[in-house]
Structures are given as structure tokens and as C-alpha cells.
There are 2 protein chains.
Amino acid sequence: MPKKSEGKRKISESTIKRLSLYYRALSLLEKENQETISSKELARREKLTPAQVRKDLSFFGSFGTRGLGYPVSELKQRIAEILGVNRVWNIAMIGVGNIGSALVSYKEFQKQGFIIKLVFDNDQRKIGSNHKGLIVSDIRDMPRLLRENHIEMVVLAVPAIVAQYIVDEVVAAGIKAILNFAPINLHVPPDVYLRSENMSMELEYLSFTLTNRRPPAE
Amino acid sequence: MPKKSEGKRKISESTIKRLSLYYRALSLLEKENQETISSKELARREKLTPAQVRKDLSFFGSFGTRGLGYPVSELKQRIAEILGVNRVWNIAMIGVGNIGSALVSYKEFQKQGFIIKLVFDNDQRKIGSNHKGLIVSDIRDMPRLLRENHIEMVVLAVPAIVAQYIVDEVVAAGIKAILNFAPINLHVPPDVYLRSENMSMELEYLSFTLTNRRPPAE
DNA sequence: CGGCCCATGTGAATACTTTCACAATAAAGA
DNA sequence: TCTTTATTGTGAAAGTATTCACATGGGCCG
């Protein structure tokens, strides 16, 4: 019974996020020249359960060898294919404030194949200036430049107050994948994929935990 | 039957994260001078369902008025108490590279009451320099300075390769809450709360979605 | 080359989360 | 004050995700 042709294997968001973790762990293991890894050890490294690791991978095929574990390099390559990171993605950064310019210099993105090709801002003082080898473009030229440079993803690092306005422009320019750093909920059409990174949320989660933890001694 | 005294109301991680969203939405509504909000409208603004909003809030009490909705300011205040953000948290930033220095200038944190009081690095060229009014301290002075400044949370923005080493030092200094930006899984004792922000993960999620989406036309 | 060991792959069981659906009830207007 | 309307709060139902547990089968040693 062929699995490939089945229409609607619905993979959950949590499984995809864990694939990212496996990918990262496997990259490290590959550097350490480890050839195989068991679900048990992979789970330990990422604080998961072995059953979880095996179940996640089983959605995509049988990559392991019973009694031995998974071949590190091969599994890494297969996950790269699944995630679509076995290629280069051209991305554009919109906004060159604190966060935007930090991300332009963030090597982790490049290492994963996410190449920032263009940088935009609407501040006349910034336009034309050089950021890590990239000239800041005028946001008014965005539609044309995105098209000319075959940009497929956009990272939004603009103030919350203008974020919805800008994202509308990005959508109008035909972009289908957006990563938003502005602390506000944005609305996009159903064929556009939007993910948001909310850095305050994690601090608030820590705040909640410290506030509501069981007192140290009863 | 008193709810307050019940021991083990277990609140799920997703509920807490949504409280952050409600809090953000309510802050906005308060600025717009809106006095009440229904679960329906709150849900629409954060792309959730009305039942979800009501269920989440019901874990903590009855804040609404039937037929009318929730009082914006009061609900905001109650959520602030639940999250523990109705106070100031003193935090320290460790690492003043790209990400670290961007976060020092990130106004959203301060706005939420997370005040960066100290900044550390191990690079002699950076130590003593001024970052947005803060002098970069030597990481070797960390234990003493964290204690003296009543720091309760630490944000880690150091290279992955040294992150586990640094986090061990942070734990040794008695810190119980850490937000990690290094792209690696860190291990801490069970009484220390660690959250990680993985910015590549969201790009990889977008990559997966674009790669595996149903083709535009059949 | 036979048997033992070990770790996978996976249905079934369990645990958790979300949604449904409706009784309860406050507000507003007649 | 009564009726209508709107929206909450919440058990019960449905839907997802995780964990269990074990049959399966490849590798390796003697």
C-alpha cells in the first residue's frame, strides 16, 4: 500500500517543530562524526521521549535499523528534504531598527540556507546606507525588487503600529510566507502563511511560572 | 466550594501563552478607550474561537458579565496579576552580540516591566563600553552583580558553543528563570525554569509549509 | 550459521485540548 | 416590572497528541 500517494497525511504543528529540533541535533552529531543515533539518545538530547521521536519520524517513513538506531547523516538529509531546507531560500528583511539589523547579521539564518538578499526601510536617513554589505532600499520600491530578486519569504521587523499596513503591501506584492516580529496580531488572506515570533510571550511565561510556582518549602 | 484553595489546578502551556495574547489585545483596547469586549470579538482579534477564550478565562475565575462581555481594564489588570506582570522584573542580558544588543534596546520588554539592569560579556573589547546607558560588565563578576542587583531572570544571547557553560554559571549564581536565544538545547536542574526562543524554527516551519503545500491548481 | 540482543515501527490505550451546546443571567427597552 | 436580547460559564462530546507495550527483524558474536 503506497504511502506517498495518500492524500491527506495531516502532520501536526508540534511534529514539524520537533523535526527542527531533530535537524539541529543531527547537524551537531554529524559534526561529532557520530554515525548512528538511537531514538532514546536523540530524545534525551532534546528532552523528549523515545516513543515521540519514533512516532514523529514514522509519519515520513522508516529511516532506522532495528537494533542499531538511525544513520545520522542520512536522517539529517531526509529531514532537510521534508522541511524544505535542502535548498536556498531568498528572503527580504523589512525594517532596519534594532531587531531588523540584528537579524541581518544573524549567522544562524544563513547557515540554514535562509539568505537575506534585500533590506527595506521607510526612513530616508537609513535608505542607501550599508548594512552588512546590503544597501537599504526604499520600501516604495518593494514590489519591483521582490519580484526581480525572486524573494519567497519576508521577515517583518517594523513597529507594531505600521505592521498591518506593511504586511498588506507585502501580500499585494505576491509574497506567500511571512515571519512577523512585530508584537501585534496580523491578518492575511488564507493563501498566505504567517508566523509570528513573540519574544515578550516567553518572558511572560517565565514570569507566570515564577509567580505561581509552588513555594520552595511547605 | 472554594476554588482558591484547591491544590492542583493544572494550567496548560497553551492557555498561558494565550493569556499573553489576551493581555496584549486588552492593552490595545484600553488605549482605544473601549470599555467592554465580548469573547467573540476578542477571539476574532487573536484568531481563536470564542469558546476557547471563555474556557481559558474560566480557569481563573468569572470576569465577565452575561449579555455584555468583559470589562477591558479590569480584565487586563486581572490577567496582569495572573501572569505576574503587574510588577517590575529585574533582568540581566548575557552576551552583547547582534541579538543581545538589539534586545537591550528593545522597548517592548521595558514596556512590559522587564527591566534590563545589567549587561555582561566576556569580550575584553566590549567590557566597559556603553550600551544604551548600560556599562557592559565582565562576566566573571556575574555572581556578585546578579545578587547585588536583585536580578531574578536572565536572558542568554551568547554563541551556541559556550551556552551550556554560561548557563551552568547562571544556575550556580542562583537564578531560577532563563530565556535562551542560543540555538541549542540546554540542560538545567529541575528547579530552574528555562525557555528557549528558536528563531530559525519558525523560518523552517514556513519552509516546510511552502514546500509541502497543495499545488496552487490541480 | 544459529541464537541472542537491541532498538525500531506501530496499533491500542491513555491523556490532554478544543469545541459544542445550552442553561443561567445581566442589561436594556417597552 | 416584564420581555427580549445578548453573552457568559461550563459540563459533556469530539478531536488530537502522547505514551505504552510488544511483535518484528537486523546485526553481531561465538
Side-chain angles (χ1 to χ4, degrees), chain A residues 1-4 6 8-22 25-26 29 34-72 74-76 78-79 82 205, chain B residues 1-4 6 8-22 25-26 29 34-76 78-79 82 205 208:
Chain A
M1 198 167 288
K3 270 189 182 167
K4 279 280 178 56
E6 277 173 30
K8 51 182 64 173
R9 296 164 302 156
K10 180 70 190 311
I11 307 297
S12 77
E13 167 161 342
S14 6
T15 293
I16 304 307
K17 288 187 162 184
R18 283 191 299 267
L19 285 188
S20 285
L21 298 181
Y22 304 149
L26 290 164
L29 287 162
Q34 197 169 322
E35 294 196 356
T36 61
I37 179 104
S38 66
S39 59
K40 191 177 164 194
E41 173 61 12
L42 192 48
R44 192 195 59 76
R45 292 201 175 213
E46 295 295 334
K47 294 202 202 82
L48 302 164
T49 64
Q52 179 103 80
V53 172
R54 296 200 300 275
K55 180 68 89 179
D56 283 339
L57 296 177
S58 78
F59 291 133
F60 303 97
S62 297
F63 307 121
T65 305
R66 287 162 199 243
L68 193 64
Y70 300 91
V72 170
E74 194 188 312
L75 182 57
K76 183 194 164 207
R78 284 293 290 120
I79 292 180
I82 294 163
Y205 194 96
Chain B
M1 197 168 290
K3 271 190 181 166
K4 277 283 177 54
E6 277 175 29
K8 50 182 65 175
R9 297 164 301 157
K10 181 69 191 310
I11 306 297
S12 77
E13 166 162 340
S14 7
T15 293
I16 304 307
K17 288 186 162 185
R18 283 191 298 267
L19 285 188
S20 285
L21 298 181
Y22 304 149
L26 289 164
L29 285 162
Q34 196 169 322
E35 294 196 356
T36 61
I37 179 104
S38 66
S39 59
K40 191 176 163 194
E41 173 62 11
L42 192 49
R44 192 195 59 75
R45 292 200 175 215
E46 295 295 334
K47 294 203 203 79
L48 302 165
T49 64
Q52 178 104 78
V53 172
R54 297 201 298 275
K55 180 66 89 179
D56 282 340
L57 296 177
S58 78
F59 290 133
F60 302 97
S62 297
F63 307 121
T65 306
R66 287 163 200 244
L68 193 64
Y70 300 90
V72 170
S73 293
E74 195 187 314
L75 181 58
K76 183 194 164 206
R78 285 292 290 119
I79 293 180
I82 294 163
Y205 194 96
F208 171 83

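To find a chain, count down the sequence lines: A is the first, B the second, and so on, and within it residues start at 1. Small disclaimer: the values here were computed from a predicted structure and weren't measured.
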Taking atom [atom2] of [N] as reference, at what distance in whole Å does atom [atom1] of [X] sit?
X       : N      : atom1 : atom2 : answer
A/Asp56 : C/dG9  : CG    : C1'   : 13 Å
A/Tyr70 : C/dC6  : OH    : C1'   : 13 Å
B/Glu13 : C/dA15 : CD    : C1'   : 16 Å
B/Glu41 : D/dA6  : CD    : P     : 16 Å
A/Phe59 : C/dT8  : CZ    : P     : 16 Å
A/Ile37 : C/dT8  : CD1   : C1'   : 14 Å
A/Lys55 : D/dA21 : NZ    : P     : 14 Å
A/Phe63 : D/dG26 : CZ    : C1'   : 18 Å

Are the side chains of [X] and [Y] in touch, meaning some heavy atoms are under 4.5 Å apart?
X       : Y        : value
A/Ser58 : A/Arg54  : no
A/Leu19 : A/Ile11  : no
A/Glu13 : B/Phe208 : no
A/Asp56 : A/Leu48  : no
B/Tyr70 : B/Leu26  : no
B/Ser73 : B/Lys76  : no
A/Phe63 : A/Ile79  : no

Original post:
Checking all strands, does B/Thr15 fall into the base, sugar-phosphate, or nothing category for heavy-atom contacts under 4.0 angstrom?
Top reply: nothing
Original post:
According to the Watson-Crick and G-U wobble definition with distances under 3.5 Å, which dot-bracket string, read 5' to 3', encodes DNA chain C, using [ ] for crossing pairs and | for pairs with another strand?
Top reply: ||||||||||||||||||||||||||||||
Original post:
Between A/Glu41 and A/Arg45, is there a side-chain N and carboxylate O pair less than 4.0 Å apart?
Top reply: yes
Original post:
For B/Lys40 and B/Pro50, which heavy atoms make the closest approach, and how far apart are they?
Top reply: CA-CG, 3.9 Å
Original post:
Which atom names give the shortest non-hydrogen contact between A/Thr49 and A/Ala43, and what distance separates them?
Top reply: C-CB, 3.5 Å
Between the protein and nucleotides 25-30 of chain C, are there any N/O to N/O pairs under 3.5 Å, and if so, what are the atom names and distances?
none

Original post:
Quick one, which residues of residues 42-54 of chain A touch DNA chain C with a heavy atom under 4.0 Å?
Top reply: A/Arg54
Original post:
Toward the 5' end of DNA chain D, which comes first, A/Ser14 or B/Ser39, by nearest nucleotide?
Top reply: B/Ser39
**OP:** Go through B/Phe59 and B/Thr15 one step at a time and tell me if the side chain to side chain contact (heavy atoms under 4.5 Å, CB included) criterion holds.
**Re:** CA-CA 9 Å; B/Phe59 290 133; B/Thr15 293; 3.9 Å; yes
